[in-house]
Amino acid sequence: MGTAHDERTSSEKAILHLYDKAKDMAYSPMERKEYLHKALRTHTKNDSLKVVMRYSKCNLHFSLKEYDSLFYEGKKLTEYATASSDFLSLGKYYHLMAYYYENVAHHMDSAYYYNNVSKNYYLQVPDSSRALKRLLRQAVLQNISNDFFGAKETLTEALRYPKNSITNKDLGLIYGELAANNNKLSNHEDAISYYKFAIATTKDSVDILAYKNNLASTLINQGRYASAISLLKPLLADTLVEQKTGFYARVLDNLAFAEWKNGKEQQRPKLFEALKIRKEKNDKRGQIASYSHLGKYHSKDYPKQAEKYFDTVIHLSRQLKIPKAEQDALKNLMHLQPNNVKIRNRYVFLQDSLYQVGLTVKTQFAKMKYDDEQKQLSILRLEAEQERKNTDLAREQLQKILLLALSVILLLIGTFLVFFLKQRHKKEKLQEVYATEKRISKKVHDELANDIYGVMTLMEHKNPFPKEAALQGLDDIYKRTRNISHATGHIDTENFLEELRNLLSQFRSDDMTMAVLGMDKVKWGSIPSETKITLYRVLNELMVNMKKHSGATAVSLRFQQLGNNLNFWYTDNGRGVQLPLNRGEGIYNTETRTKNHGGTISFDSAPNKGFKVQCTLPI
């Protein structure tokens with residue numbers, strides 16, 4: 001017995017000696033990896049030591065970008081750690097995997113999943129502090145993926161953690177994330193309040209600097225450039241903000257942009273200095289911000305250079321899978337290249353698809369959370385069942401019968417609840433998005449008042465009267481207002497027939513007669529909401545085009561529901577046009593929306609021969 005004990009002790013001493021060398025940073029990563037190889041090949045029955053060493057090896061493979069080896073070692077680690085119930089090592093490993101999927105693979109759904117797995121293992125240690133940090137990261141990932149309401153729910157869950165597990169730093173992080181969420185939802189005043197809470201709560205000097213920078217960024221979004229500058233200048237001079245760092249670049253870039261917007265020219269060197277640092281740090285998200293600011297900075301005097309910067313933003317956005325950043329860049333490019341059909345087509349596509357993508361992401365995250373809750377409940381049920389078996393063997397058979405009956409009932413109830421909750425969740429989220437679109441449409445529309453006031457001022461004070469400039473300004477304001485309102489305005493699909501009648505009534509006049517056939521015969525209750533919305537948008541564009549350009553005195557509309565299609569025909573006796581069409585924005589949007597819905601649309605016209613349209617939408 002003594003000999004075996006001595007051999008085991010000697011073996012473990014040899015392993016620990018190798019492991020100490022593997023942790024010594026004086027050796028190169030390759031040398032440290034070789035020491036771990038040798039240690040793991042040495043025989044030992046100490047499973048806990050094996051798990052610790054394999055986790056160190058996983059970290060080394062990650063730092064060396066040997067990702068295949070990382071997955072291989074991770075599989076071994078989880079086998080040993082699960083067998084020995086080493087929940088801490090499992091929590092740390094899955095934290096590493098979450099980091100990999102977020103920062104290397106850029107798969108935010110997988111990063112969210114592995115953060116959740118890591119959190120659950122930390123709770124089993126138990127280690128509430130580590131679990132809370134994983135939960136906060138989940139909220140960040142939801143924020144990045146535009147699931148702002150889901151992120152709020154996650155942050156609210158974090159606030160319910162035991163007080164002794166929430167440090168001032170963690171509480172500051174929660175407030176900071178709530179601020180970021182409200183900022184993305186255009187609730188800028190709430191965002192400012194939460195950033196101030198975060199600054200007042202945390203005791204970490206570096207975090208305070210970060211929150212102040214984010215607060216300044218929010219003020220820039222509100223157009224309060226002077227206030228933002230007063231925050232950013234002291235940050236740049238702070239001894240904690242070292243040059244050549246990513247944070248220094250963020251502050252410098254924000255300051256340069258705010259000063260330029262505040263009327264101080266010659267900010268190009270600062271903007272380029274921030275970009276240079278971000279390139280050196282391979283901070284691609286930061287580069288998106290830099291190139292976007294450079295594009296806006298050069299748009300007026302150097303439009304060609306600005307186009308290149310926005311093209312770079314699009315490239316990086318696609319690489320990092322951030323469609324919202326690409327959409328913002330396309331919006332700026334449309335001002336520089338108003339006749340570029342491809343840019344406008346891509347912008348419309350992203351605008352229509354981002355909603356669906358956002359809903360998918362929210363549903364995906366919600367499903368992960370729901371599945372996790374069901375898994376935890378299942379574990380608790382199994383533990384309770386085992387305890388009953390151990391304490392009352394005499395009634396084992398009866399318990400099995402009762403458990404089977406209970407499981408069937410729970411399965412039926414659970415199936416019903418899952419279906420009910422999913423349907424309710426989908427409906428609520430859809431209503432929330434439509435409500436948000438309506439508010440955004442009204443808000444942006446109202447904010448065009450400044451442009452209208454500018455045209456009024458031009459008309460009032462310019463002498464002689466600037467007719468062409470005033471007409472051009474009013475036409476630009478009209479187009480922007482109509483596009484925004486039509487793209488995001490609310491449509492009542494529940495009372496769609498009445499909605500259509502209200503739309504058509506807006507275009508009736510004493511000088512024009514309108515005949516509408518078949519509209520009352522369509523079974524609107526059986527038509528999907530998406531088809532109704534597309535029909536409404538297309539019909540609205542045609543009526544606006546008729547009112548503005550055709551000079552028609554008679555308009556005919558005919559509707560027909562046939563099989564799986566909804567057809568309608570439009571005819572007027574106006575001026576007509578020469579085919580092929582010189583597509584304006586309204587007609588282009590008509591074609592784009594119809595094709596995106598999977599439908600077809602055709603035009604028939606000639607000068608002084610009126611205008612005809614035939615459209616088919618699948619239902």
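Values in this document were obtained by computation on a predicted structure and should not be read as measured data. Along the sequence shown, the residues carry numbers beginning at 1.
In this structure, Trp260 and Phe257 have tilted ring planes: the angle between them lies in the 30° to 60° band. Relative ring orientation between Tyr211 and Tyr195 is described as tilted, the plane-to-plane angle lying within the 30° to 60° band.
Nearest heavy-atom pair, His298 versus Ala306, reported as atom, atom and distance to 0.1 Å: C-CB, 3.9 Å. Taking both residues in full, the closest heavy atoms of Met108 and Arg285 are given as CE-NH2, 3.8 Å, listed atom of the first, atom of the second, then distance. The minimum heavy-atom distance between Asp253 and His293, with the atom names listed, is OD2-ND1, 2.8 Å.
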- Task: Report the C-alpha distance between Ile314 and Leu333 in whole Å, list the side-chain angles of each, state the deciding distance to 0.1 Å, and finish with yes or no for side chain to side chain contact (heavy atoms under 4.5 Å, CB included).
- Result: CA-CA 10 Å; Ile314 292 172; Leu333 277 175; 3.6 Å; yes

- Test Glu177 against Leu136 for side chain to side chain contact (heavy atoms under 4.5 Å, CB included), laying out the working first. CA-CA 8 Å; Glu177 283 304 312; Leu136 289 177; 5.6 Å; no

- Message: As a quick check of understanding, evaluate side chain to side chain contact (heavy atoms under 4.5 Å, CB included) for Glu326 and Arg346, giving each step before the final call.
- Response: CA-CA 10 Å; Glu326 179 184 352; Arg346 176 65 179 170; 2.8 Å; yes

- CA sep, side-chain torsions, deciding dist, call: Glu102, Arg137, salt bridge (Lys or Arg N to Asp or Glu O under 4.0 Å): CA-CA 10 Å; Glu102 179 180 353; Arg137 198 63 207 167; 2.4 Å; yes

- Message: Before you tell me yes or no, could you show the steps for Arg224 and Glu189 under salt bridge (Lys or Arg N to Asp or Glu O under 4.0 Å), namely the whole-Å CA-CA distance, both residues' side-chain angles and the distance that decides it to 0.1 Å?
- Response: CA-CA 12 Å; Arg224 295 161 62 178; Glu189 291 302 327; 3.6 Å; yes

- Message: Let's go through Val251 and Lys212 carefully: what are the C-alpha distance in whole Å and the side-chain angles of both, what is the deciding distance for side chain to side chain contact (heavy atoms under 4.5 Å, CB included) to 0.1 Å, and is it a yes or a no?
- Response: CA-CA 10 Å; Val251 176; Lys212 286 183 177 180; over 6 Å; no

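Checking Leu500, Thr534, Val544 one by one against Leu539, the side-chain contact (heavy atoms from CB on, under 4.5 Å) holds for a single residue, Leu500. For the side-chain contact (heavy atoms from CB on, under 4.5 Å) criterion with Ile220, the lone passing option out of Asn262, Leu255, Asn254 is Asn254.
For Thr201 (side chain) and Ala198 (main-chain N/O), no donor-acceptor pair under 3.5 Å exists by modelled atom type. The backbone N or O of Tyr99 sits less than 3.5 Å from a side-chain atom of Asn103, completing a donor-acceptor pair. Side-chain atoms of Asn495 never come within 3.5 Å of backbone atoms of Glu498 as a donor-acceptor pair (strictly under, hydrogens ignored). Side chain of Tyr297 to main chain of Gln267: a donor-acceptor pair is present (N/O by atom type, distance under 3.5 Å, no hydrogens or angles). Put simply, the side chain of Ser292 never gets that close to the backbone of Ile288: no donor and acceptor are under 3.5 Å apart. Side-chain N or O atoms of Thr202 include one that pairs as donor or acceptor with a backbone N or O of Asp204 at under 3.5 Å. Under the 3.5 Å distance criterion, the side-chain polar atoms of Lys532 are matched with a main-chain donor or acceptor of Thr493. Remark: side-chain polar atoms of Asn182 are paired, donor with acceptor, to backbone N or O of Leu178 under 3.5 angstrom. Here the side chain of Asn332 pairs a donor or acceptor atom with the backbone of Asp328 at under 3.5 angstrom. A donor-acceptor pair under 3.5 Å links the side-chain atoms of Thr312 to the main chain of Lys308, judged by distance alone.
There is a side-chain donor-acceptor pair under 3.5 Å between Asp170 and Thr167. The closest side-chain donor-acceptor pair between Ser118 and Arg134, if any, does not fall under 3.5 angstrom. Side-chain contact, Asn345 with Lys342: no donor N or O sits under 3.5 Å from an acceptor N or O.
Summarising the local packing, NZ of Lys184 is surrounded by more than 12 heavy atoms from other residues, nucleotides or ligands at distances under 6.0 Å.
Aromatic ring centres of Tyr113 and Tyr101: separated by at least 6.0 Å.
Salt-bridge formation is detected for the pair Lys270/Glu259: a Lys NZ or Arg NE/NH1/NH2 atom is positioned less than 4.0 Å from an Asp or Glu carboxylate oxygen. The pair Arg593-Glu541 does not meet the salt-bridge criterion, since no charged nitrogen lies less than 4.0 angstrom from a carboxylate oxygen.
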